[in-house]
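Accompanying notes for the structure given below.
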Amino acid sequence: MAEKITGAEAMMRALEHEGVETLFGYPGGAIMPTYDALYDHKKTLNHVLVRHEQGAVHAAQGYARVSGKVGCAIVTSGPGATNTVTGVADAMMDSTPMVVICGQVGVAMLGTDAFQEVDVVGVTQPISKWSYQIRRAEDVAWAVSRAFYIAKSGRPGPVVLDFAKNAQTGMVEYEPASVGFIRSYNPYPEIKKAAVVEAAKMINDSVKPFALLGQGVELGGASDEVKELLEKAQIPFGTTFLGLSDMPSDHPLNMGILGMHGNLGPNVMTNQCDLLIAIGMRFDDRVTGNLATYAKQAKVIHFDIDASEFNKNVKIDLAIHGDCKASIPAVTELVSEAKHDAWIASFKPYAEKEYNKVINKAINPTKGPLLMGEVVRKVSEAANNEAIMVTDVGQNQLFACRYFKFTKPRSVVTSGGIGTMGFGLPAAIGATFGAPDRTVCVFCGDGGFQMTIQELGTIMEQGAPVKIILLNNNFLGNVRQWQEMFFHRRYSFTPMDNPDYELIAKGYRIPVKTVVERADLDAAIKEMLATPGPFLLQCAIKEEDNVLPMTPPGANVDEMLLE
């Protein structure tokens, strides 16, 4: 007869069975039996106590993004669960594998408006891959195995387990479960040979092909496979923000970033190519601009594991449904070696124009206040372009994505689809646990930094070696830029009256330095990177520094403002 244990203990063993090593969480009444069980598993399950439940889910996201594993967060019921909702939605939009375990009142109390009762399944079902209420201890092993299988398979995403208190305290003869199949769920569809043949023919026939790389390349572990295809057929490419580290920044076929605040060449050439090859990206509105004029001259091939993305925004000519790690090599095998030197050279005048009008001024200013672009580039170069870049949301994010450089995969952690201010600091904490051997640099604005500033307490307690670069311009910078450009400089509630960040950092026992003068920047960055553990580098940034180029909202993708 098998040993009988509590459902809470079964949860711990099930998590260990799934290979979980790190949990981010915050205890409370309805999850207390599970935390009591966790007390006996501290040697195998490293629990990181955050300072707010939103911090737990964002940390789990950061952990997942850099490690390739499933992130895991554990919180209590009611407000504990609802505080995770933003992170769940963020993970769903950005395809981040994550399991969130929420406490819940006992089954007998459901529907009575019991203390801290919230319909977690009802709230999270529309924004997760799967949301399930565990009502019996007997269901724990199955539910956990199914949750991890769903979270990491196919197009990854978040799963929520609502763990009723009676299921935590009930007794069960535990046996580990291994879910590897779910009827009606086909995460890895069979790739159609005819589509592969047609894709190869379209590529071979093209004169001006252009590839768009999204995060799906990295999520599918297909960077090498995609690189082989692009190099064999000499296809230039651009990347989304989340796909920035798919390929090294200095790859000769890398033409830059797509979309609203991307690079001029890729956006112009999107509307001049004869074949557009989208790989693991979803044609977000920030990438396409005006859909009525987007790439109308081109045939479009779309590689994706999620069929719901086909023809959702952009009308395509050919869908390759499946795992790109398998579909891309199948196409590469049939593609002829090609040279598109003249086509690639046609990007160069746009790159030079953007460099002269925008980039050089952003990264090599000679006078005036510090600029975000120069700070980002200097940090990147000081870390040998090998660091993990984490960002918050706003101008700090846009400048960081434009001017940070990448040589290694899984180096980008940013909130793409939802655009969550407050994401950066806790996500960076998670990244230090997911990639403990790498340098983690997080760029924050003064607005987003204050949204989750309490996570400095987590950094202090854990000694998490987060290098925080606070780009302080005393504004909600991105909103201010739009107010300047489209609302006649009517700065409605975007100026910020900020606290003394040095005092705050010292209160959390985190080394800190503030840079105002350009002459002091290099030494401060060197000190930050050389200091063991965490460090806060505050940079006094020009208040009205704008992110350019920019495609105005509703404009054609190639109608970019350079000044």
Using a strict 4.0 Å threshold on nitrogen-to-oxygen distance, state whether Glu484 and Arg489 make a salt bridge. yes
Would you please name every residue forming a salt bridge (charged side-chain N to carboxylate O under 4.0 Å, His left out) with [X], sequence neighbours left out?
X: Lys405; value: none
X: Arg155; value: Asp306, Glu309
X: Arg509; value: none
X: Asp284; value: Arg282

Please name all residues satisfying side-chain contact (heavy atoms from CB on, under 4.5 Å) with [X], sequence neighbours left out, ordered by chain then number.
X: Lys357; value: Lys353, Leu562, Glu563
X: Met451; value: Met421
X: Pro248; value: Asp250
X: Ala435; value: Val66, Ile388, Asp437, Arg438

Could you tell me which residues satisfy ring pair (Phe, Tyr, Trp, His ring centres under 6.0 Å) with Tyr491, sequence neighbours excluded, listed by chain and number? Phe475
Answer yes if the side chains of Thr458 and Glu455 hold a donor-acceptor pair under 3.5 Å, and no otherwise. yes
Nearest non-hydrogen partners of Val88 and Val100, listed with the distance: CG2-CG2, 4.1 Å
Under the salt bridge (Lys or Arg N to Asp or Glu O under 4.0 Å) rule, what pairs show up with a residue in residues 520-538, not counting sequence neighbours? Lys378-Asp522, Lys513-Glu527
Can you pull the salt bridge (Lys or Arg N to Asp or Glu O under 4.0 Å) pairs that have at least one residue in residues 362-377, sequence neighbours excluded? Glu374-Arg518
Are the ring centres of Tyr350 and Tyr355 closer than 6.0 Å? no
Going by the angle between their ring planes, with limits at 30° and 60°, are His302 and Phe283 parallel, tilted or perpendicular? perpendicular
Any idea how Tyr403 and Phe399 line up, ring-wise: parallel (<30°), tilted (30 to 60°), or perpendicular (>60°)? parallel
Sequence neighbours excluded and cut-off under 3.5 Å, please list the side-chain donor-acceptor pairs for residues 259-268, or say none.
{"residue": "His261", "atom": "ND1", "partner": "Val547", "partner atom": "O", "Å": "3.4"}
{"residue": "His261", "atom": "ND1", "partner": "Pro549", "partner atom": "O", "Å": "3.1"}
{"residue": "Asn263", "atom": "OD1", "partner": "Ile257", "partner atom": "N", "Å": "2.7"}
{"residue": "Asn263", "atom": "ND2", "partner": "Glu354", "partner atom": "OE1", "Å": "3.4"}
{"residue": "Asn263", "atom": "ND2", "partner": "Glu354", "partner atom": "OE2", "Å": "2.9"}
{"residue": "Asn267", "atom": "OD1", "partner": "Gly259", "partner atom": "N", "Å": "2.9"}
{"residue": "Asn267", "atom": "ND2", "partner": "Gly259", "partner atom": "O", "Å": "2.8"}
{"residue": "Asn267", "atom": "ND2", "partner": "Asn263", "partner atom": "O", "Å": "3.4"}

